[in-house]
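Note that ligands are numbered from 1 as they come in the structure, with each ligand's atoms numbered from 1 the same way.
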Amino acid sequence: MSTNEPPRGLARNAANYGDLKFALYLRRSFAKSMGYSSAMLAKPVVGIADTSSDFNNCHRSVPELVDAVKRGVLAAGALPLGFPTVSLCEPSLFPTSMHYRNLMALDTEAMLQAQPMDSVVLIGGCDKTVPAQLMAAASNDMPAVMLVTGPMLAQRFEGERLAACTDCRRYWARYRAGEVSDEKIDAIEGKLATSAGTCGVMGTASTMACIAATLGFMPLDAASTPAVHSDRLRIAEEAGALAVRLIHHPVKPSQLITQKSVENALRVLLAIGGSTNALIHLTAVAGRVGVKVDLRDLDRLSETTPVLVDLKPTGEGYMEDFHAAGGMRMLLREMRDLLHLDCIDLYGRTLAEQLDEGSDFVDRQYIHARSNPVSPVGGLVSLFGNLAPDGAILKRSAATPSLFEKEARIVVFDGLADLANRVDDPDLDISADDIMVLKNAGPTTPAGMPEAGYLPIPKKLARQGVKDMVRISDCRMSGTAFGTIVLHISPEAAVGGPLAFAETGDRIRLSVKNRSIDLLISEAEFARRRTGWAPLVAPVRGWDKLMHDQVLQAQDGCDLGFLRPEGK
Ligand code: FES
């Protein structure tokens, strides 16, 4: 290596002993204890973020993916070195995995910065892992390949196919309504998630995989290839080879995440009827390089982007159907005129070039033609009004159109504990015509903005056959859930947003047509209620305190303020 070239491989980021040569000598000595030859230790290094964890079923296949990535790296002439990071599995974390997305992003960014590597393969999958890794890559700006674990397969059970987690919610709602027995709900528990991989529907994990591919962080086919398909291992091997290529032909995250590519990703989010959570995550990822996602822009895009993919939770199919139908390539071809085709991927290919490759086969059952869309307009709309001055979101593709224009009395729950205590109380004063409101569950609360926006229909109404009601909150909803649910009310109640002052018996007007959501009380009444308001008790130490003090609101992606380029 010429002395003018920047340090590479193990020579990067030397530990600081005040003697560079000694630091590198020591590093090589210790690396040799692992049995590497001098020739191997002189090669460029590809880091592999290994997120396997016994707490993360969605990452069950990570060890074999790591092996395949290593194969690809070695064959391409570099040294693969795996390292662990925080790993987040949606149902395994208290109070919610969202509370730790920024911790994983911070951990990953720090390890990319501290350890000697020239490029990295980030292995993610479950909902919060892919955004956390993309946020880290964006801030570090090191060439990074995204490798997802891939979706699980649906399995047959008593004549129908089941996969996590839309079917989990569907069956649980039927159980609450008394339509499914204790025995059957127990039997189904073991039939919902039966293979390795992420949730098998277009939930948050699948949506984020589609977005990562749209941004160029992985090949288009890699977004939907099932976790257990042998192609997934070939994709991993290719990811290793690509990471080596990037050392010699760098394409950095800041070249991939641009205003244009983010707009493409928003179009994809809309066309796939994707998860509302992905909007928060994409906003956070883009925010790391100073690209702003504006909710009013989302609304403009939503009016001109049809839903073309027919998958659960909004439609019928599973991710394996989307993949077999032609996957991202055929979807993007169908919406070609809506996309910025000059955006590039990690190979430096334009999106136009990527779309010209591959087979022409498409299964119209799952990827509709523009002339026959699942819906002529996009899956998400943003709402503004005196209840949400900084915006809120509604997934209209998963909602009940007859509830889009509604003014009704509200029943308010003060927080998650209040909801749990009262929602199934037979004496709860609520009717099917009311609007349910949950507050104090936003990003700064101890609850950490959980996926509790899918408020359960009170049992006594569920047993009368009520399937949907307007539900409003400052928290999130699982990407696998459905219903007429207004989410991400901002500012949240816990920072004194207008939602804090909503009381049972007030009325709210929701108008999807006008994109509005308003609490029908006067300004004078708002002012009167504001005088008696006090914030929740703040956490005093640790990660909870850092989140409370630094986390931004939903329209800023719930990132930590000090991690954005502009600070808080
Ligand atoms: Fe991991 Fe759904 S729980 S992707």
Under 3.5 Å, is there a donor-acceptor pair linking the side chains of Thr51 and His59? yes
Under 4.0 Å from one or more heavy atoms of Ala205, ligand 1 contributes atoms 4 (S)
If the cut-off is 4.0 Å to any non-hydrogen atom of Cys126, which atoms of ligand 1 fall inside it? 1 (Fe), 3 (S), 4 (S)
Is ligand 1 under 4.0 Å from a heavy atom in the side chain of Cys89, in the backbone, in both, or in neither? neither
Run the numbers for me: atoms of ligand 1, each under 4.0 Å from some heavy atom of Asp127, listed by number. 2 (Fe), 4 (S)
Do Tyr100 and Asp107 meet the criterion of a side-chain donor-acceptor pair at a distance under 3.5 Å? no
Note: Cys199, heavy atoms under 4.0 Å from ligand 1, region reported as both
Sub-4.5 Å side-chain heavy-atom contact between Met98 and Leu88: no
Give the numbers and elements of all ligand 1 atoms closer than 4.0 Å to a heavy atom of Thr198. 4 (S)
Do NZ/NE/NH1/NH2 and the carboxylate oxygens of Arg288 and Glu109 come within less than 4.0 Å? yes
Ligand-side contact atoms (ligand 1) for residue partner Pro91, heavy atom cut-off under 4.0 Å: 3 (S)
Considering only heavy atoms of Cys58, which atoms of ligand 1 have at least one such atom less than 4.0 Å away? 1 (Fe), 3 (S), 4 (S)
Say whether, by atom type as modelled, one donor and one acceptor occur between the side chain of Asp424 and the main chain of Pro458 under 3.5 angstrom. no
Glu90 neighbourhood, listing ligand 1 atoms whose heavy-atom distance to it stays under 4.0 Å: 3 (S)
Six-ring centre of Phe482, Arg169 cation under 6.0 angstrom, axis tolerance 45°: no
If only side-chain N and O atoms count, and only distance matters, is there a donor-acceptor pair under 3.5 Å linking Arg101 with Ser97? no
